[in-house]
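As structure tokens, the structure follows; a few thoughts come after it.
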Amino acid sequence: MPELPEVENYRRFFAERAVGRIVLRVVVTDPTTVRNASARAFARALAGRTFLRADRHGKWMLARTDGPTLLVHFGMTGDLIWSGDEPPRHRHDRVIFELEGGDELRYRNMRRLGGVWLAHDAGEERTVLGDLGPDALTVGRREFLGHLARRRGGAKAVLMDQRFAAGVGNLIADEVLWQARIHPKRSVASLDAADRARLFGVLRKVLTTAVEEFDYLQSRPAWLSHVRGQPGARCPRCRAPLARVTAAGRTTYLCPRCQPPPG
DNA sequence: TCGCTTGTTGATGG
DNA sequence: GCCATCAACAAGCG
């Protein structure tokens with residue numbers, strides 16, 4: 001599931017359910033999910049701690065405690081599960097936080113892409129998160145355009161580069177480029193001022209909308225995402241059949257009429 | 001069996 | 001050094 005909008009909703013969910021609560025015990029059912037500590041050290045470091053705040057940067061969730069910070073990446077299939085919504089544990093619940101009062105928060109991930117890390121200070125946090133660009137939801141227009149001016153390469157590759165703007169994944173990139181009428185393989189160097197301004201405005205609009213409507217894939221029939229991947233799908237704007245190509249190494253859907261190819 | 005999946009990283013070649 | 005591509009990781013589905 002998770003690109004920026006999903007992770008932002010996980011963050012809000014975590015803030016509602018876990019912030020202010022004490023961790024009684026941490027159960028690691030899959031040690032490979034804990035990435036920069038042993039399962040035992042990870043569990044011991046968080047036991048007895050209180051979750052103070054939940055932040056997000058791009059696709060990362062950062063859960064602050066009165067001890068170390070818990071860093072969570074959801075990969076392609078990660079999720080947060082609350083025991084009150086789903087009492088029985090599931091085989092893909094790989095880390096379980098037992099909270100004071102008897103509730104559990106569970107990190108579920110079918111595939112093992114993603115995981116959890118601990119950071120004991122700001123330096124460790126930077127090491128784990130890597131070289132992330134500004135968060136794609138909150139980046140300002142000036143900073144966005146400044147970063148864009150220094151980049152070369154295809155528009156989709158740049159949008160999805162976490163060093164450019166953190167949080168944009170394969171689906172959001174397709175949606176943004178389709179709404180902005182920019183071909184995914186178009187070189188960003190070839191974009192004129194109007195293209196760049198449109199790209200920023202659309203990115204902002206798509207992300208803010210998707211964050212507030214968790215089921216935007218279903219609830220926005222005028223969006224590309226609503227029909228993306230369906231056999232025989234047509235452009236919601238002009239009804240032309242969608243094209244399927246590979247760009248930036250990922251399956252990409254676009255409208256050949258609305259998004260004219262480069263050259 | 002093969003191909004595909006909303007992610008990231010490292011190797012490789014131009 | 002930059003950029004594009006591909007394999008690998010991983011588990012499930014059609």
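Numbers restart at 1 for each chain; the letters A, B, ... are given by sequence-line order, proteins then strands.
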Is it the case that the side chain of [X] and the backbone of [Y] share a donor-acceptor pair, with hydrogens and angles ignored and the cut-off at 3.5 Å?
X	Y	answer
A/R94	A/N109	yes
A/E213	A/A210	no
A/T208	A/K205	yes

* Asked: Contact class for A/R150 (heavy atom, under 4.0 Å): base, sugar-phosphate, or nothing?
  -> nothing
* Reckon A/R228 touches a base, only the sugar-phosphate, or nothing at all at heavy-atom distances under 4.0 Å? ->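 Sugar-phosphate, no base atom in range.
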* Asked: Side-chain N or O of A/T251 less than 4.0 angstrom from OP1 or OP2 on B/dT5?
  -> yes
* Structure fact -> Its contact letters, B for base, S for sugar-phosphate only and - for none at protein heavy atoms under 4.0 Å, make nucleotides 4-10 of chain C read S----BB
* To do: Provide the distance between the two P atoms, one in C/dG1 and one in B/dT8, to the nearest whole Å.
  =>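 One P to the other, the span is 24 Å.
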* Pair A/D93 + A/R108, salt bridge at N-O below 4.0 Å -> yes
* To do: Salt-bridge test for A/R151 and A/D161: reply yes if a basic N is under 4.0 Å from a carboxylate O, no otherwise.
  => yes
* ILVMFWY cluster, A/V116 and A/Y10 together (side-chain gap under 4.5 Å) -> yes
* To do: With pairs defined as Watson-Crick or G-U wobble and both distances under 3.5 angstrom, please note down DNA chain B as a dot-bracket string, | for pairing with another strand.
  => .||||.||||||||
Show which side-chain atoms of residues 166-178 of chain A pair as donor or acceptor with protein atoms under 3.5 Å away, not counting sequence neighbours.
{"unit_1": "A/N170", "atom_1": "OD1", "unit_2": "A/K156", "atom_2": "NZ", "d": "2.5"}
{"unit_1": "A/N170", "atom_1": "ND2", "unit_2": "A/T251", "atom_2": "O", "d": "3.1"}
{"unit_1": "A/D174", "atom_1": "OD1", "unit_2": "A/K156", "atom_2": "NZ", "d": "2.6"}
{"unit_1": "A/D174", "atom_1": "OD2", "unit_2": "A/R228", "atom_2": "NE", "d": "3.1"}
{"unit_1": "A/D174", "atom_1": "OD2", "unit_2": "A/R228", "atom_2": "NH2", "d": "3.1"}
{"unit_1": "A/D174", "atom_1": "OD2", "unit_2": "A/Y253", "atom_2": "N", "d": "3.0"}
{"unit_1": "A/E175", "atom_1": "OE1", "unit_2": "A/L224", "atom_2": "N", "d": "3.2"}
{"unit_1": "A/E175", "atom_1": "OE1", "unit_2": "A/S225", "atom_2": "N", "d": "2.6"}
{"unit_1": "A/E175", "atom_1": "OE1", "unit_2": "A/S225", "atom_2": "OG", "d": "2.5"}
{"unit_1": "A/E175", "atom_1": "OE2", "unit_2": "A/Q179", "atom_2": "NE2", "d": "2.8"}
{"unit_1": "A/E175", "atom_1": "OE2", "unit_2": "A/L224", "atom_2": "N", "d": "3.2"}

* Would you check, one step at a time, whether the test salt bridge (charged side-chain N to carboxylate O under 4.0 Å, His left out) holds for A/E100 with A/R21? => CA-CA 7 Å; A/E100 193 176 53; A/R21 303 195 59 177; over 6 Å; no
* To do: Please state how far atom CG in A/N109 lies from atom P in B/dG7, giving the value in whole angstrom units.
  =>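 Rounding to the nearest Å, CG of A/N109 and P of B/dG7 are 13 Å apart.
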* Asked: What integer distance in Å separates A/L171:CG from B/dT5:P?
  ->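 So the CG-P distance, A/L171 to B/dT5, works out to 10 Å.
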* Return the set of residues passing side-chain contact (heavy atoms from CB on, under 4.5 Å) with A/A18 (not counting sequence neighbours), or none when no residue passes. => A/F14, A/F51, A/L99, A/L105
Nucleotide N/O of nucleotides 8-14 of chain B paired with protein N/O under 3.5 Å:
{"unit_1": "B/dT8", "atom_1": "OP1", "unit_2": "A/H73", "atom_2": "NE2", "d": "3.1"}
{"unit_1": "B/dT8", "atom_1": "OP2", "unit_2": "A/K59", "atom_2": "NZ", "d": "2.9"}

Counting only pairs under 3.5 Å, give me each side-chain donor-acceptor contact of residues 65-73 of chain A, with atom names and distances, residues two or more places apart or in other chains.
{"unit_1": "A/T65", "atom_1": "OG1", "unit_2": "A/G67", "atom_2": "N", "d": "2.7"}
{"unit_1": "A/T65", "atom_1": "OG1", "unit_2": "A/G67", "atom_2": "O", "d": "3.4"}
{"unit_1": "A/T65", "atom_1": "OG1", "unit_2": "A/P68", "atom_2": "O", "d": "2.6"}
{"unit_1": "A/D66", "atom_1": "OD1", "unit_2": "A/T50", "atom_2": "N", "d": "2.9"}
{"unit_1": "A/T69", "atom_1": "OG1", "unit_2": "A/R64", "atom_2": "NH1", "d": "3.3"}
{"unit_1": "A/H73", "atom_1": "ND1", "unit_2": "A/G75", "atom_2": "N", "d": "3.0"}

* Taking the inter-plane angle between the rings of A/F144 and A/F200 on a 0 to 90° scale, is it parallel (under 30°), tilted (30 to 60°) or perpendicular (over 60°)? ->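 If you compare the ring of A/F144 with that of A/F200, the planes turn out tilted.
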